[in-house]
Structure formats: C-alpha cells, structure tokens
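A quick note: this is a predicted structure, and the numbers were derived from the prediction, not measured. The chain is numbered in sequence order, starting from 1.
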Amino acid sequence: MLNDYMSILCLNEDDKNIKGLTKKRPLASIPIAGRYRIVDFVLSNLVNAGVRNVGILTQGNSRSLIDHLGAGKPWDLDRKINGLFVFNFGGVTSYLSDVEMLENNLEYLYRSHQEKVIISSSHMVCNMDYEKAARFHEASNSDITIVYKKIDDGKKHFLNCNVLNLDENNRVLGVGKNLGIDDHQNISMQMFIMKKSLLINILNSCIKTGFWASIKDWIYKNCDKLNINGYEFDGHLECIDSIQSYYNANMNMLDLDINRELFFKNGLIYTKVMDEAPTKYFNGSYVCNSLIANGSLIQGFVTNSIISRRVIIHKGAKVRNCIIMQNCEIKENAKLTNVIIDKNVLIEEGKELKGDKEYPVVIEKKSLY
C-alpha cells in the first residue's frame with residue numbers, strides 16, 4: 001500500500017473538442033458508462049493502491065463535480081486525517097494553469113506528511129495498478145517516472161496526445177506530439193511520479209522564471225536535466241478529449257472483455273451511490289447489448305446503448321447506438337441513432353434524430369426536441 005504517497009489531480013484539461021458536454025461542467029464530471037463520472041476511474045485507481053491523501057485542483061463552474069465528490073465517502077476519503085481536498089472550484093477566473101492552482105495552495109503541499117506524489121489528470125481512463133508503477137519508480141532511482149501506453153493505431157487514435165521518445169532503457173529523451181503519421185507510438189498518460197520536494201522545486205522554478213505555464217511543460221522541456229524514466233501500462237486505455245473519443249469510449253464498454261478490465265481488473269471502480277430502484281422493463285420492451293443504470297423505465301427498443309439513471313423510454317421508441325444521460329424522456333415512436341443526449345432532455349413523440357458513428361449528434365442539457 002502506498003502510505004507514503006499523496007496525489008494531485010489537475011483538472012484543467014483541454015476540453016475545446018468536447019464543449020457540447022462541458023459548457024456547465026468540467027470534463028472530469030461528464031457521465032460515462034451510465035452511472036459513473038470520468039473522474040471515478042483515476043480516483044478509484046489511487047484508492048485501490050492505498051493513497052489516502054488526494055488533492056483535486058479544479059476550475060470554476062464545477063458545481064456538478066463538487067456534488068458528485070461530496071466528502072469523498074464512496075472512495076473512503078471522508079477522513080479526519082488526510083482524505084479528499086478540492087481547491088479553486090469557487091474561483092472567478094474561468095481557466096487557471098496547474099502552476100497557478102498549486103501556487104494558490106502551496107500550504108496543502110507543505111502540510112501533507114507524505115514524501116512522494118502522483119500527479120495525474122482524469123481524461124485518461126483505465127484500471128491501473130498504481131502501486132506497481134510506484135514500486136517501479138522507486139526501484140529505478142529516477143527523479144520522475146512518466147506512465148505511458150504503447151499503441152499500434154496512432155494514425156487513427158490518440159491524435160495530438162503527447163508522445164514519449166525513449167531509449168533502450170526506457171529513459172525519456174524527449175516529448176513530442178502524435179500527428180497521426182505513425183501507427184506505433186508511446187503515448188504519455190500524463191501521470192507523473194516523483195518526490196514532493198522535487199515538485200515544489202519545479203513549481204518554484206515555474207513561478208520564478210515564468211517560462212512554463214504548467215508542471216507538465218516543465219518536465220517535458222527538461223528531460224535532459226533529470227533522470228526521467230517511462231513506465232509502460234499494458235492495459236486498456238481510453239483518452240477522452242473530444243466528442244468522438246467520448247462516444248467511442250462508451251461504445252467500447254459494451255464489449256464484455258473491455259468492460260471487465262476497466263471495472264474489475266486491478267480493483268473496483270467506485271462512484272456516488274444513488275440507492276434507486278432497479279430499472280423496470282415493461283412487456284413488449286426489447287433490450288440488447290446495452291448498459292442500463294437503475295431507476296429507468298423501458299417500454300421501447302434499446303440496442304447497443306448506454307442508458308443512465310431515471311431515463312424513460314416510451315412504447316414504440318427506438319434507441320440504437322446512443323448515450324442517454326439521466327432524467328431524459330424519449331416519447332412514443334421516437335427514433336434515435338448515434339446520438340448523445342445530455343441530462344434533462346425531452347424528445348417529443350415521433351421525432352427522429354440520426355447521427356454518424358464518426359460524428360454523433362449531441363443534444364445539450366435541458367433541451368426540448
């Protein structure tokens with residue numbers, strides 16, 4: 001167990017390609033797989049490894065995130081000593097770099113008694129054994145360890161993600177971008193393991209010089225000055241940074257093997273419990289290859305879809321290859337194909353909406369169609 005580790009989650013993630021779902025929430029609190037939020041994966045991974053001090057650096061407009069996290073009880077982080085700490089959610093500025101966020105909360109770093117730190121974002125979705133990664137970091141005697149994933153489909157996936165250039169000993173020589181030119185890439189998962197004292201020194205350097213806007217940039221630009229190693233993650237990884245990647249990640253979770261790995265392989269993924277009744281399936285309804293959360297009423301046809309809590313699908317409605325978030329209602333004989341519907345949306349009787357698998361239609365919150 002990682003008793004000597006704390007973690008900092010930097011949620012100032014790039015959401016320009018997923019704005020249809022992040023106008024009123026941070027990327028980390030977007031619903032996924034019916035009853036989870038994106039942030040649940042990294043939080044659960046940390047807790048499963050024994051990390052009990054987690055600081056979350058978020059932005060303004062984070063009401064949904066705060067509501068979901070609460071005091072951290074679902075992750076056993078509602079503690080008198082250590083626990084869950086959320087910073088900057090009441091800030092006036094709409095965007096802060098991680099350097100600014102940490103600068104505003106330096107006291108948190110100094111007061112935490114742990115000597116090592118894991119820095120991560122939330123948009124890299126996986127089920128990971130952080131304890132194994134931390135032991136690799138300690139055994140390598142490196143200053144910083146960066147977690148990465150080897151991929152062989154770089155021309156289609158993980159575009160614009162950071163790519164690690166490694167030598168034969170897995171030492172990081174430099175960091176570039178995936179431009180979609182080569183299939184084989186070492187994708188940085190933006191997870192960093194280091195001593196807390198080194199993080200404070202990096203932070204002071206960023207503040208003093210003003211040359212770097214983020215901790216990540218400082219690390220990537222100073223690979224030649226430190227001993228930085230890469231730790232290979234060999235499990236399933238989803239990078240959620242666009243509408244298309246979000247849609248694909250949800251659809252991939254309908255694959256039983258991927259679902260089992262993401263939610264069970266290295267420990268369970270925890271989320272806020274709602275204590276609702278099971279979904280009711282009426283006579284004449286049809287459901288195939290779908291994830292359906294509690295509290296819904298299904299009278300129509302649902303295939304290859306993700307249905308969140310308290311969704312009502314009326315008789316004759318057909319939902320195919322869709323993601324429907326909570327408190328939505330699909331009226332009689334409506335037809336939906338390749339559609340993402342945000343919370344509290346009403347689809348009127350007989351309405352037909354059809355998108356493409358590569359470009360799904362997005363219906364924003366509280367819309368009437």
Problem set entry | Inter- and intrachain pairs under ring pair (Phe, Tyr, Trp, His ring centres under 6.0 Å), touching residues 50-73, at least two apart | H68-W75
Exercise. More than 12 foreign heavy atoms under 6.0 Å from CG of L256: is that the case here?
Worked result: yes
Exercise. For the side chain of N127 and the backbone of G267, is there at least one donor-acceptor N/O pair under 3.5 Å apart?
Worked result: yes
Exercise. Hey, is K23 close enough to E364 for a salt bridge, meaning N to O under 4.0 Å?
Worked result: yes
Exercise. Quick check, are the ring centers of Y108 and F85 under 6.0 angstrom apart?
Worked result: yes
Problem set entry | Value rounded to 0.5 Å, distance of CG in L226 from CD1 in I144 | 5.0 Å
Exercise. Can you name the closest pair of heavy atoms from G284 and F301 and give their distance?
Worked result: O-CZ, 4.3 Å
Problem set entry | Sequence neighbours excluded, every pair satisfying salt bridge (Lys or Arg N to Asp or Glu O under 4.0 Å) that has a member inside residues 155-169 | none
Exercise. Counting N and O atoms only, with roles assigned by atom type, does the side chain of S188 sit under 3.5 Å from a partner on the main chain of Q190, one being a donor and the other an acceptor?
Worked result: yes
For this session: Determine, using the 4.5 Å side-chain heavy-atom cutoff (strictly less than), whether I243 and M251 are members of one ILVMFWY cluster.
Result: yes
Exercise. Could you go step by step and tell me if E115 and K195 meet the salt bridge (charged side-chain N to carboxylate O under 4.0 Å, His left out) rule?
Worked result: CA-CA 6 Å; E115 296 298 325; K195 290 183 177 179; over 6 Å; no
Exercise. Under 4.5 Å between side-chain heavy atoms, hopping through other hydrophobics if needed: is there a path connecting Y270 to V273?
Worked result: no
Problem set entry | Distance-only polar pair, side chains of E329 and H314, donor-acceptor under 3.5 Å | yes
Seminar exercise, completed: Rounded to the nearest 0.5 angstrom, the OG-CG distance for S44 and L268 is 8.5 Å
Exercise. Around K216, counting heavy atoms of other residues, nucleotides and ligands shown, do more than 12 lie under 6.0 Å from its NZ?
Worked result: yes
Problem set entry | Side-chain donor-acceptor pair present, E261, H236, cut-off under 3.5 Å | no
Seminar exercise, completed: Here the gap from N321 atom CG to N304 atom CG, rounded to the nearest 0.5 Å, amounts to 5.0 Å
For this session: Taking all non-hydrogen atoms of both residues into account, name the closest pair between A33 and N250 and its distance.
Result: N-OD1, 2.9 Å
Problem set entry | Minimum-distance pair of heavy atoms, taken over all atoms of H137 and M194 | NE2-CA, 4.0 Å
Exercise. Got a sec, which hydrophobics cluster with L179, joining ILVMFWY side chains under 4.5 Å apart, including via others?
Worked result: I181
Problem set entry | Contacts of type side chain to side chain contact (heavy atoms under 4.5 Å, CB included), residue D129, not counting sequence neighbours | E131, K132, N266
Exercise. Any side-chain heavy atom of N327 within less than 4.5 Å of one from I312?
Worked result: no
Exercise. Hey, are D67 and K272 close enough for a salt bridge, meaning a charged N less than 4.0 Å from a carboxylate O?
Worked result: yes
Exercise. When you check the side-chain N and O atoms of Q114 and N53, is any donor under 3.5 Å from an acceptor?
Worked result: yes
Problem set entry | N/O donor-acceptor pair under 3.5 Å between S305 side chain and C322 backbone | yes
Problem set entry | Side chain N338, main chain V361, donor-acceptor under 3.5 Å | no
For this session: Determine whether the side chains of S214 and S97 contain a donor N or O and an acceptor N or O closer than 3.5 Å.
Result: no
For this session: Could you tell me the separation between the CD1 atom of I38 and the OG atom of S122, rounded to the nearest 0.5 Å?
Result: 6.0 Å
For this session: Might you work through the side chain to side chain contact (heavy atoms under 4.5 Å, CB included) test for M101 and Q59, ending with a clear yes or no?
Result: CA-CA 9 Å; M101 291 192 293; Q59 307 284 347; 3.9 Å; yes
Problem set entry | Any side-chain donor near an acceptor of the partner, T303 and Y286, under 3.5 Å | no
Problem set entry | More than 12 heavy atoms of other groups within 6.0 Å of K315 NZ | no
Exercise. About how many Å separate CG of N222 and CG of D217, when rounded to the nearest 0.5 Å?
Worked result: 10.5 Å
For this session: Please examine the side chains of I200 and Y110, heavy atoms only from C-beta on, and report whether any two atoms are closer than 4.5 Å.
Result: yes
Exercise. Do N229 and R171 meet the criterion of a side-chain donor-acceptor pair at a distance under 3.5 Å?
Worked result: no
Problem set entry | Shortest non-hydrogen contact between F87 and L57, atoms and distance | CD1-CD2, 3.5 Å
Problem set entry | Candidate pair D342 and R25, rule salt bridge (charged side-chain N to carboxylate O under 4.0 Å, His left out), full reasoning | CA-CA 12 Å; D342 210 335; R25 62 162 78 93; 2.9 Å; yes
Problem set entry | For the student: nearest non-hydrogen atoms of N178 and H157, plus distance | ND2-O, 3.2 Å
Exercise. Around atom CZ of R260, are there more than 12 heavy atoms of other residues, nucleotides or ligands at under 6.0 Å?
Worked result: no
Problem set entry | In one Ile/Leu/Val/Met/Phe/Trp/Tyr side-chain cluster, 4.5 Å: V311, M274 | no
Problem set entry | Test item: D76 and R52 side chains (from C-beta on) under 4.5 Å apart, heavy atoms | yes
Exercise. Do I207 and V117 sit in the same hydrophobic cluster, where Ile, Leu, Val, Met, Phe, Trp and Tyr count as joined when their side-chain heavy atoms come under 4.5 Å apart?
Worked result: yes
Exercise. With sequence neighbours excluded, what pairs up with L353 under the side chain to side chain contact (heavy atoms under 4.5 Å, CB included) test?
Worked result: L336, V339, I347, K351, I363, Y369
Seminar exercise, completed: Heavy-atom closest pair (P278 atom, N294 atom, distance to 0.1 Å) is CA-OD1, 4.3 Å
Exercise. Could you give all pairs that pass the ring pair (Phe, Tyr, Trp, His ring centres under 6.0 Å) test and reach residues 27-54, with sequence neighbours left out?
Worked result: Y36-F263, F41-F263
For this session: Examine the side chains of E238 and N252 and answer whether a donor and an acceptor come within less than 3.5 Å of each other.
Result: yes
Problem set entry | Inter-residue atom distance L262.CG - K265.NZ, 0.5 Å rounding | 10.0 Å
For this session: Examine the side chains of T22 and D15 and answer whether a donor and an acceptor come within less than 3.5 Å of each other.
Result: yes
Exercise. Does W212 share a hydrophobic cluster with L198, counting links as ILVMFWY side-chain heavy atoms below 4.5 Å and allowing steps through other members?
Worked result: yes
For this session: Using atom types as modelled and distance alone, determine if a side-chain donor or acceptor of N259 lies under 3.5 Å from a backbone N or O of D255.
Result: no
Exercise. Taking the side chain as C-beta and beyond, is there a heavy-atom pair between S29 and S64 under 4.5 Å?
Worked result: yes
